[in-house]
A.B. asks: 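Would you mind keeping the following structure in view while I ask a few things?
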Amino acid sequence: MKYRFELIVSLKEGLLDPQGKAVQEALPTLGWDNVSEVRVGKHIELLVESDSRMEARSQVEEMARKFLSNPVIEDFVILVADTVQPAKGPR
Amino acid sequence: MKYRFELIVSLKEGLLDPQGKAVQEALPTLGWDNVSEVRVGKHIELLVESDSRMEARSQVEEMARKFLSNPVIEDFVILVADTVQPAKGPR
Amino acid sequence: MTGRQPAPTEDLLHRRLGLTDQEFDAIVDKLGRGPNDTELAMFAAMWSEHCSYKSSKVHLRSLPTRGPQVLVGPGQDAGVVALGEGVACVFKIESHSHPSAVEPFQGAATGVGGIIRDVLSMGARPVALLDPLRFGPLQDARNRYLFAGVVAGIGQYGNSIGVPTVGGEVKFAPCHSANPTVNVMCVGLAAADELIHSPKGGAGNVLVLIGASTGRDGIGGVSVLASRTLDQDAHRARPSVQIGDPFEEKLLIEACLELARRGLLDGLQDLGGAGLTCAVSETAARRGVGVDLDIDEVPLREPGMEPFEVLTSESQERMLAIVRPDDVGAVREVCAKWGLSARAVGKLRGGGQMFVRHQGRVVAQVPAKALAEEGPEYERPASAPPWLVRVREDDPAMQPVPVSLEEAFYSVLGAPGVASKRWVHEQYDSLVQGGTVLGPGADAAVIRLEGTIRAVAVSTDGNGRYGLLDPYLGGAHAVAEAARNVATVGARPLAITNCLNFGNPERAEVMWSFAEAVRGIGDACRAINTPVTGGNVSFYNESGDSAVYPTPVVGMVGVLDDYRLLVRPGFPSGGLVIYVLGRTLPELGGSEYGEAVLGKVSGRPPRLDLDAEGRLHRLLHECARQDLLASAHDLSDGGLAVALAESSIAGGLGFTVSVQDDGLDPAVALFSESASRVLVTARPGREGDVEQLAAVLQIPITRLGLTGGSRLEFAGLFDVALSDAVVVHEGTLPRLMSAQRVAV
Amino acid sequence: MKPRVAVVTFPGSLDDRDALRAVALMGGDPVAAWHADRDLRGADAVILPGGFSYGDYLRTGAIARFAPVMAAVREYADEGRPVLGVCNGFQILCEVGLLPGALIRNRTLSFVCRWIHVRTEGPTEASAGLAGGEVLQVPIKHGEGQFVASQEEMGRIEAQGLVAMRYCAPDGTIDERFNPNGSAHNIAGLHNETGNVLGMMPHPEHAVDPDLGPTGGHAVFHWLLSAARDRVHA
Ligand SMILES: Nc1ncnc2c1ncn2[C@@H]1O[C@H](COP(=O)(O)OP(=O)(O)O)[C@@H](O)[C@H]1O
Ligand SMILES: [Mg+2]
């Protein structure tokens with residue numbers, strides 16, 4: 001069976017996020033002055049072949065910990081694909 | 001009121017995704033040979049001050065279209081923050 | 001195979017693919033039958049303006065291409081000149097303006113990738129990039145977005161593959177708002193006896209496709225992106241946008257060079273416009289053989305691709321190697337070592353036919369030469385635009401100076417096209433490979449040849465205002481200025497490549513300006529003895545009623561026998577005698593002063609005495625050889641005032657000069673752009689030698705004053721603090737671009 | 001005998017040939033090593049050069065970290081042999097945990113290529129690091145050179161004297177205005193606790209040949225070669 005996962009990798013809370021800061025500073029000049037706490041991270045999507053969802057998930061977690069994120073500066077969350085609700089933005 | 005939103009910005013389908021390709025090609029050498037269709041995109045989190053969730057959301061959509069994504073090569077999805085289910089990965 | 005007769009409707013396939021009815025008839029003639037859809041797509045790609053040069057060929061033929069220094073002239077992927085000591089310099093320039101207008105970052109990035117592969121296909125290691133760029137005024141947010149994106153894209157790609165970007169240009173004009181111009185030049189080096197030539201014959205040899213897999217991106221890129229004017233909804237061209245993968249390119253460079261070094265290649269061809277169709281048909285046509293191509297062997301990135309898609313996809317980072325059957329295994333091994341895919345996709349064969357097979361069937365059968373060499377050729381109507389006479393009559397030299405000379409000086413020095421380009425070139429790695437003796441910020445960049453004291457000097461130049469006002473002079477000045485820049489650092493100009501950026505060639509005034517520019521380039525190259533080794537034509541740089549200025553851009557390479565003798569632009573110390581070489585005339589037509597101070601692009605460009613230009617280069621070369629000069633900087637946009645300021649800023653040292661010795665009007669003395677002039681300082685005690693050499697070569701030499709102090713003093717006119725001049729010169733682009741919001 | 005210095009080439013390494021050339025120019029014996037190798041060919045010291053290993057797409061150094069050669073590099077570090085990581089090499093050393101902290105995108109978000117000054121910090125008594133108190137003119141060229149670490153980690157780095165060099169004014173003054181990428185505490189380079197591992201964002205290998213510009217890289221190569229020589233004689 002193949003299982004789809006999504007991962008979000010983002011800089012740890014205490015670290016200044018240069019991309020988030022740049023976006024936040026730009027938004028007011030573009031007319032949006034009501035936005036705060038912007039953070040920019042990575043979104044990783046992948047398909048895992050495995051016998052069970054549980055097994056696949058624990059592999060994804062290991063990949064995330066060992067490779068897809070750097071624990072010194074980053075946190076990650078795993079979203080099980082089908083719990084994500086896409087909204088009406090064009091896709 | 002402040003509303004939290006998350007956005008996922010990813011390369012349009014059919015376009016080469018060098019990041020995803022690099023990750024995918026690295027995984028087997030690290031011992032995971034059961035992963036395919038890796039795509040890497042951006043995850044943007046922000047807090048919008050607004051009178052209503054609807055209003056905030058339509059602003060986020062406009063920001064995404066005009067600034068946070070590049071419509072020539074990217075698509076985006078807006079996730080309403082509280083519909084996202086964080087899984088048990090460390091955060 | 002079934003021939004297909006066109007139905008008598010408006011919606012004919014060939015027209016939708018950009019072929020005219022006459023061109024369609026010519027295809028039927030060549031095949032002796034109607035083409036099928038796959039064949040038609042192949043012809044459409046190969047016979048597009050971009051690939052076939054159908055509007056420009058008749059003019060380009062007039063260019064001088066021979067000389068003892070030329071090892072490979074036009075017609076190959078890149079030109080080659082000999083630098084001495086057995087080293088060959090491979091170089092070429094190309095436009096990626098249309099893709100950059102649609103998506104600036106990726107458009108420019110993939111432009112870098114494309115030109116690198118041209119140089120690589122000759123077996124040379126790419127050692128330098130230069131990027132002549134043109135945008136609309138930076139007051140406009142869209143122009144800032146394009147500028148920032150293009151620079152970041154060139155940086156990302158060049159920096160990631162380890163090829164230093166060492167020079168270029170950035171100019172601004174309203175005509176570039178809708179049509180940014182993005183040219184990229186690449187210089188490579190190889191041992192002359194290890195160049196990859198494309199030999200005749202080779203039937204039985206295998207075509208090995210190396211590198212990235214083939215996707216649907218860039219399908220129709222040739223006909224849609226490069227050969228049709230950008231219309232209102234430029235974003236309909238979207239699916240053709242390419243994403244570059246510089247890492248793959250870096251691996252391609254190393255793998256191909258290793259293949260060449262080990263003698264495993266019978267030929268090497270890059271995949272660019274028109275993708276596989278072009279690479280395969282050109283290879284076969286050049287060698288006078290036929291070819292069998294099995295597109296089922298092409299690694300695909302997406303399922304279900306149609307044959308025509310595989311054949312015309314312009315997916316990046318691919319090369320085609322021609323390999324003797326016995327060497328295929330070794331080629332695969334080298335590619336595997338570098339982590340690259342290498343697939344045998346076909347074989348050369350006797351005859352001249354290109355067969356394309358798909359799922360066991362022949363889906364196209366076309367004479368290779370018909371695709372690659374027998375495209376249409378047009379001598380399009382050409383006539384000068386009627387408005388030109390009036391604009392030329394309006395001579396800026398006849399106008400009163402509307403502001404103080406000091407204000408005029410600051411306006412010119414702070415004009416975005418003149419101001420320091422540090423904001424741009426600090427985003428580029430100019431040092432990698434360890435050969436950069438002189439990087440961005442000098443008149444020409446200088447790259448040394450490993451293990452020798454020899455170096456190659458290179459500069460790109462073009463002046464759109466001159467091109468607009470007199471395209472003949474625009475072409476000639478581009479050559480002269482590029483050669484002068486190379487000579488100013490002490491090198492001997494050798495040969496050029498050129499990128500011709502023009503509007504729609506189906507309009508007579510565009511065609512006229514094109515023909516004139518080519519004539520100007522040809523005359524200048526003959527006079528200065530720098531043959532043309534190749535180039536690129538970019539037409540259709542227009543949208544709505546806005547076309548780019550006729551903009552020939554010249555990339556010049558020269559050789560420096562001993563790079564330790566090179567001459568830099570900055571004043572190195574105080575008390576040096578400052579001279580200007582060459583004669584200053586009241587020539588403000590098309591000048592920076594005209595645009596920045598008077599707000600007009602009018603008059604006649606400066607005249608050009610090509611004989612004097614050549615003598616000036618010899619003078620500079622001789623002065624450098626005898627180590628007579630402490631600094632040298634050529635005069636171009638903004639004239640003497642700007643050259644003085646730049647030498648002063650570069651050296652961190654002021655000057656006192658008197659610029660009006662021969663009774664010139666002050667604005668003329670300061671801002672005239674008379675050609676063939678260079679600002680120099682003599683080494684202490686060598687003033688007499690410089691003056692004497694100038695006299696021998698009949699180059700006027702005028703003593704202007706001395707270096708020293710912390711002010712820029714134009715005696716009797718005005719003076720400013722060096723620190724204020726620095727703020728204006730260095731601060732202009734950062735200030736204008738601070739309003740640009742970085743995209744994530 | 002000349003000390004042998006291995007320079008590792010990963011796919012995507014860019015300044016590897018420059019590092020080899022610099023080693024030779026500075027009196028060492030350069031040895032080319034390959035990412036897939038499991039040993040460093042008996043070299044006395046090793047350099048991880050600049051570039052974009054494996055494209056550096058996911059995160060700088062993320063893939064290089066797992067290269068077979070890295071086991072040997074770690075052994076060198078543990079045995080006290082000199083290890084120099086330049087730019088991408090520094091990023092890799094942080095990623096594998098041989099040095100603390102990490103390097104993220106420059107504050108400006110743009111790549112920057114510029115000649116800058118760094119001031120070296122003295123090594124602690126116990127360590128054999130680069131000599132302190134010198135102002136070196138060296139070039140930087142990177143898009144991800146902003147050094148970050150958690151607050152506790154930062155405290156430890158300073159307390160243990162692990163900072164090898166900081167961005168500074170030409171006269172050596174440490175000043176935020178001369179910080180080109182937003183690095184915490186102006187940090188341009190770090191040592192490990194024993195001083196035999198040095199990671200730095202500036203490129204010493206591009207600052208050794210007087211024909212090409214300033215020679216601030218000499219100090220770094222002197223350190224590397226003399227530490228390697230000590231190993232030869234030990
Ligand atoms: N786009 C660019 N990329 C790199 N270097 C550039 C770029 N634009 C300008 N430069 C550099 O800035 C310096 C000044 O450019 P320019 O005024 O066009 O020189 P010149 O008038 O001598 O031809 C040159 O060294 C040039 O190579
Ligand atoms: Mg110049």
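Here the structure is a predicted model, which is why all the values come from computation and not from measurement. Order of the sequence lines sets the chain letters (A, B, ...), proteins ahead of strands, with each chain counted from 1.
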A.B. asks: Between atom CG of Asn34(A) and atom CD of Glu55(B), what is the distance when rounded to the nearest 0.5 Å?
C.D. replies: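 These two atoms lie 8.5 Å from each other.
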
A.B. asks: Starting from the C-alpha separation in whole Å, work towards a yes-or-no answer on side-chain contact (heavy atoms from CB on, under 4.5 Å) for Glu45(A) and Ile8(B).
C.D. replies: CA-CA 11 Å; Glu45(A) 213 181 308; Ile8(B) 292 165; over 6 Å; no

A.B. asks: Counting heavy-atom pairs closer than 4.5 Å to chain A, which one of Met63(B), Glu49(B), Gln59(B) comes out on top?
C.D. replies: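 Most heavy-atom pairs within the cutoff with chain A belong to Met63(B).
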
A.B. asks: Pick whichever of Leu47(B), Val38(B), Leu46(B) has the most heavy-atom pairs under 4.5 Å with chain A.
C.D. replies: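 Among the listed options, the one with the most contacts to chain A is Leu47(B).
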
A.B. asks: With a 4.5 angstrom heavy-atom cut-off, which part of Leu7(A) approaches chain B: side chain, backbone, both or neither?
C.D. replies: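 For Leu7(A), no heavy atom lies under 4.5 Å from chain B.
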
A.B. asks: Quick check on Glu62(A) against chain B: is it the side chain, the backbone, both or neither that has a heavy atom closer than 4.5 Å?
C.D. replies: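 Its backbone and side chain both get close to chain B.
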
A.B. asks: Gln24(B), Glu74(B), Arg39(B): which one forms the most heavy-atom pairs within less than 4.5 Å of chain A?
C.D. replies: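 Maximum pair count with chain A is reached by Arg39(B).
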
A.B. asks: If you count heavy-atom pairs under 4.5 Å between each of Val60(A), Leu68(A), Asp33(A), Val48(A) and chain B, which one has the most?
C.D. replies: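 Most heavy-atom pairs under 4.5 Å with chain B: Val48(A).
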
A.B. asks: Give, as side chain, backbone, both or neither, the part of Ala56(B) having an atom under 4.5 angstrom from any heavy atom of chain A.
C.D. replies: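 When you check distances to chain A, no heavy atom of Ala56(B) falls under 4.5 Å.
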
A.B. asks: Identify the residues of residues 16-23 of chain B whose heavy atoms come closer than 4.5 Å to a heavy atom of chain A, ordered by number, or report 'none'.
C.D. replies: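 So the qualifying residues are Val23(B).
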
A.B. asks: What part of Lys2(A) lies closer than 4.5 angstrom to a heavy atom of chain B: side chain, backbone, both or neither?
C.D. replies: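 Just its side chain gets close to chain B.
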
